[in-house]
Amino acid sequence: MTVVEGDITRLTVDAIVNAANGSLLGGGGVDGAIHRAAGPELLAECRALGGCPTGEARLTRGHKLAAKWVIHTVGPVWRDGRAGEAEALESCYRRSLALAREAGARSVAFPAISTGIYGYPLEPATQIAVATVKADLEVHAQPERVVFVAFDRRTATVYRQALAALDRDPAKT
Ligand code: APR
């Protein structure tokens, strides 16, 4: 697991994960960036999928992106922390990794799901991201490489601190 600061659409990995909404018909944030970079065929492919529930994920091709696949997952909208947000966010990471494995993706890049427009507080969301991915990678050989892509310095710092904490105290998940 590594952290990079940058634009997920520029990464050369087998699969990039999109923080989508339930319609899968595009939006702002990373969703908008991915659709812009992938081109209109991505939207056409997404239309045929008929949406995606929160916590679930759907696979499409990457079209004009360097990545072969895009895994669209729908994160929870943050309400008060008592509406099942943590479980839904964990499910996004687990389901995305499962789809990546099924597709044979060896490298996967995640954005900071739900921490933008959906308002999930960054620190708890990051804890869920790194702990869930770590647990999955401990029991599966694939994907070999997971990259957390931070779009800003603050997010990168929080991810790096979370990964460092995992290394210091591996029992802590
Ligand atoms: N590359 C990597 N990360 C990005 C990029 C990019 N090009 N653009 C934005 N991000 C980051 C944001 O800075 C944030 O840290 O992705 C993280 C997730 O933020 P959002 O994209 O707002 O996603 P989310 O909070 O899950 O909200 C999803 O926003 O775009 C709409 O259609 C989407 O309705 C859905 C909602």
Side-chain angles (χ1 to χ4, degrees), residues 1-40 42-47 49-60 62-67 69-81 83-97 99-100 105 107-130 132-133 145-163:
M1 291 187 286
T2 54
V3 182
V4 299
E5 195 176 334
D7 176 347
I8 199 167
T9 65
R10 322 275 301 165
L11 283 196
T12 308
V13 289
D14 289 344
I16 62 172
V17 176
N18 180 22
N21 60 60
S23 75
L24 295 185
L25 299 181
V30 68
D31 194 5
I34 288 175
H35 276 275
R36 273 193 302 280
L42 176 61
L43 181 57
E45 189 175 356
C46 285
R47 273 196 212 294
L49 296 176
C52 180
T54 298
E56 259 301 332
R58 296 288 184 269
L59 184 82
T60 68
H63 300 280
K64 293 202 182 98
L65 285 162
W69 294 285
V70 180
I71 294 168
H72 307 261
T73 193
V74 181
V77 175
W78 178 258
R79 299 201 193 304
D80 56 10
E85 295 97 323
E87 293 75 16
L89 188 59
E90 179 178 329
S91 176
C92 286
Y93 286 96
R94 286 194 187 289
R95 292 295 307 134
S96 297
L97 287 167
L99 282 186
S107 53
V108 181
F110 282 99
I113 301 166
S114 281
T115 66
I117 293 167
Y118 278 3
Y120 208 116
L122 179 59
E123 286 77 5
T126 303
Q127 281 305 322
I128 290 171
V130 300
T132 305
V133 171
R145 188 158 73 91
V146 173
V147 181
F148 293 110
V149 185
F151 202 48
D152 56 61
R153 180 59 50 86
R154 176 170 169 262
T155 302
T157 302
V158 171
Y159 265 91
R160 290 192 173 105
Q161 287 167 345
L163 284 185

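Ligands are counted one by one from 1 in listed order, and the atoms in each one are counted from 1 as well.
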Distance under 4.0 Å to a non-hydrogen atom of [X]: what atoms of ligand 1 satisfy this?
X	answer
Gly28	30 (O), 31 (C)
Ala33	7 (N)
Asp7	1 (N), 6 (C), 7 (N)
Gly6	1 (N), 2 (C)
Gly27	30 (O), 32 (O)

Among protein heavy atoms, which lies nearest [atom], and at what distance?
atom	value
atom 36 (C) of ligand 1	Tyr118 CE1, 3.4 Å
atom 17 (C) of ligand 1	Ala112 O, 3.4 Å
atom 21 (O) of ligand 1	Val30 N, 2.8 Å
atom 2 (C) of ligand 1	Ile8 N, 3.6 Å
atom 23 (O) of ligand 1	Ala19 CB, 3.7 Å
atom 11 (C) of ligand 1	Phe151 CB, 3.8 Å
atom 15 (O) of ligand 1	Thr115 OG1, 3.3 Å
atom 22 (O) of ligand 1	Ile117 N, 2.8 Å

Any idea which heavy atoms bring Tyr93 and Phe148 closest together, and the distance?
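Closest pair (atom of Tyr93, atom of Phe148, distance): CE2-CE2, 4.4 Å.
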Looking at every non-hydrogen atom in both residues, tell me the closest pair between Arg145 and Val13 and how far apart they are.
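Closest approach of Arg145 to Val13: NH2-CG1, 3.8 Å.
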What residues form a side-chain contact (heavy atoms from CB on, under 4.5 Å) with Thr54, not counting sequence neighbours?
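side-chain contact (heavy atoms from CB on, under 4.5 Å) list for Thr54, sorted by chain: Val74, Pro76, Ala88.
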Look at atom 32 (O) of ligand 1 and find which of Leu25, Asp31, Val149 reaches it with the closest heavy atom.
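Looking at heavy atoms only, Asp31 sits closest to atom 32 (O) of ligand 1.
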Among Ser23, Ser114, Ala109, which one has a heavy atom closest to atom 26 (O) of ligand 1?
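The residue whose heavy atom sits nearest atom 26 (O) of ligand 1 is Ser114.
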Whether over 12 other heavy atoms sit under 6.0 Å from Arg95 CZ
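Atom CZ in Arg95 is crowded, with more than 12 foreign heavy atoms closer than 6.0 Å.
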Please report whether ligand 1 has a polar contact with Asp152, defined as an N or O pair separated by less than 3.5 Å (distance criterion only).
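No.
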